[in-house]
Peer 1: 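First, the structure itself, so that you have it in front of you.
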Protein chains: 2
Amino acid sequence: MKRLSGRPAKQPTVPRRKRMSGEERKAQIVRVATDLFAREGFKGATTREIAGKAGISEAVIYKHFSRKEDLYKAIIDSRCSNPGGEPRLLSMLKGKEGREVFVIIASFLLEEHRRDSSFLRLLMYSALERQSLSELFINTRGLEFLGFLESHIQSLIKTGEMRKVDPGLAARAFIGMVEHYSIAQELYGAKRFFSRPERKVVEAFVDIFLNGMRRR
Amino acid sequence: MKRLSGRPAKQPTVPRRKRMSGEERKAQIVRVATDLFAREGFKGATTREIAGKAGISEAVIYKHFSRKEDLYKAIIDSRCSNPGGEPRLLSMLKGKEGREVFVIIASFLLEEHRRDSSFLRLLMYSALERQSLSELFINTRGLEFLGFLESHIQSLIKTGEMRKVDPGLAARAFIGMVEHYSIAQELYGAKRFFSRPERKVVEAFVDIFLNGMRRR
DNA sequence: CCTAAGTAAGTGAGTGCTTACTATACTCCG
DNA sequence: CGGAGTATAGTAAGCACTCACTTACTTAGG
């Protein structure tokens, strides 16, 4: 016989779980979900799996986020205003000049992506599945950083250390070499067929770029 | 009253559709599905949607492909042994030398991806969702082409027209600039914030690269 | 040339399972 | 007590995939 709705009286014999404050729980859900969305994409990651990994029931997720989409947005937001990202790089660059600036940038990007590819995966998934959200990424993490590099190059052109090249394109050329290599190695699995020590890669790319930008 | 199974007698009043031979139909399914898988990914594209766009019932798909996965593999295969891809580029390069080789390669890639981003999307989706399949892409389309460029650069180094740089890294640097720019513009939506005429982009990238590889 | 048997192509209505999301009741703690 | 937090047990819709059956086309025999 079926109940119309509601619950039958239940016996609370199951071992009870730890309670958490709302914000703790929310942060934990975001953490777990970030990992899953990065691995499986928005459509591939299920609320059930997220709840399972967090050790709670699906209903708890919906106490904190009214729709799956909202949880996804929260993740993108948290990744955009992240402590671990570009700010750290920019501080590493303080006081550095010449060739070293480019070496630091290239090493940073290669290392960061090798260490944790989830940011890269989230970015790519959001570009493919949810184009509008990927623009958030672009705006907050991409453009700020590209803008820095662009104006750095611009000033090197002004002092005559580099020849006159559209600084926007030059910056994109440099980032492109590094990022594309990183993506190919980590995500496309290209490292199965081609591999060089990270130091050599950085040296080669920085060489080609700086030499390419030198006045003749 | 319900039948135990089987169909109720049906009246064939609906306008009948064209019949197709098996191979025609199979090719059509692959064509329609390519488009959908490229837009939505493996998980995002549904068999129902594919059938709908092809104007057939889902069951027909399963006459030709025993699982959805098989259809996906067929698409990857067909895209790998494609007439429209690298062979065309390689023939365009016949007899060309010097700077022009690099201009042609860069223009080709930028134009190809702008015209039809579905190959790029399939590649990226397969890297994220189905890593093993993306290696098929890499092997057939990527490595062959990279290998060509690599050995071209190698020979330029031998004749002394370029300085000594790991040719594998040099080739990846050049392709990286171009591909990453293309991906950023077309897939990340970066063209909303930054745009240059294609000719200028090609010129700048080729300049930086060739100048960067010149003997000092 | 006509017709009927044989078969490839196609269909509509499922199956069983999974999904995002919800309604309701219980419990712990301030 | 009251409300935040959690659990149980849903629901309706959507998914890949199947089945029993029909229809269109081909072809062999008179």
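So you know, we letter chains A, B, ... as the sequences are listed, proteins then strands, and number each from 1.
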Peer 1: Evaluate the criterion side-chain contact (heavy atoms from CB on, under 4.5 Å) for residue pair A/F42 and B/K43; output intermediate values, then yes/no.
Peer 2: CA-CA 10 Å; A/F42 181 78; B/K43 280 176 186 140; over 6 Å; no
Peer 1: By nearest nucleotide on DNA chain C, pick out whichever of A/A59 and A/R48 is the more 5' one.
Peer 2: A/R48
Peer 1: Do B/R31 and B/Q28 have side-chain atoms, one donor and one acceptor, less than 3.5 Å apart?
Peer 2: no
Peer 1: Kindly say if B/S57 contacts the phosphate of C/dG12, meaning a side-chain N or O under 4.0 Å from OP1 or OP2.
Peer 2: no
Peer 1: Grab the CD-P distance between A/E69 and C/dT19 for me, whole Å please.
Peer 2: 18 Å
Peer 1: Under 3.5 Å, side chain of B/R196 to main-chain N/O of B/V201, donor-acceptor pair present?
Peer 2: no
Peer 1: Starting from Watson-Crick (N1-N3 plus N6-O4 or O6-N4) and G-U wobble pairs under 3.5 Å, report the runs of at least three that DNA chain D belongs to.
Peer 2: C:1-30 with D:1-30
Peer 1: Please pick, from D/dA16, C/dC21, D/dA7, the nucleotide with the shortest atom-to-atom distance to any side-chain atom of A/R67.
Peer 2: C/dC21
Peer 1: Side chains of A/I105 and A/V178, heavy atoms from C-beta outward: is any pair under 4.5 Å?
Peer 2: no
Peer 1: Starting at CD of B/Q28 and ending at C1' of C/dG10, how long is that distance when rounded to a whole Å?
Peer 2: 13 Å
Peer 1: Taking OH from A/Y72 and P from C/dA20, how many angstroms apart are they, rounded to a whole number?
Peer 2: 14 Å
Peer 1: What is the distance, rounded to the nearest whole Å, between atom CD1 of A/I61 and atom P of C/dT19?
Peer 2: 12 Å
Peer 1: Assign B/A51 to base, sugar-phosphate, or nothing according to its heavy-atom contacts below 4.0 angstrom with the strands shown.
Peer 2: nothing
Peer 1: Rounding to an integer number of Å, can you tell me how far B/I29 CD1 sits from D/dA16 P?
Peer 2: 14 Å
Peer 1: Nearest-Å distance, NZ (A/K63) to P (C/dC26)?
Peer 2: 15 Å
Peer 1: In terms of side-chain heavy atoms, does B/E186 have a donor or acceptor partner in B/S117 at a distance below 3.5 Å?
Peer 2: no
Peer 1: Take B/E58 and A/F42, find for each the nucleotide of DNA chain C with the closest heavy atom, and name the residue whose nucleotide sits nearer the 5' end.
Peer 2: B/E58
Peer 1: Minimum heavy-atom separation for A/L109 and A/S182, please, with both atom names.
Peer 2: O-OG, 4.3 Å
Peer 1: Could you check how far CD of B/E40 sits from P of D/dA16, rounded to whole Å?
Peer 2: 11 Å
Peer 1: Rounded to whole angstrom units, what separation is found between the NZ atom of B/K68 and the C1' atom of D/dT18?
Peer 2: 17 Å
Peer 1: For the pair B/Q185 (side chain) and B/F194 (backbone), establish whether a donor and an acceptor sit closer than 3.5 Å, ignoring hydrogens and angles.
Peer 2: yes
Peer 1: Can you see if the side chain of B/Y62 gets near the phosphate of D/dC17 - specifically, an N or O under 4.0 Å from OP1 or OP2?
Peer 2: yes
Peer 1: A/A45 near the nucleic acid: base, sugar-phosphate alone, or nothing, with a heavy-atom cut-off under 4.0 Å?
Peer 2: sugar-phosphate
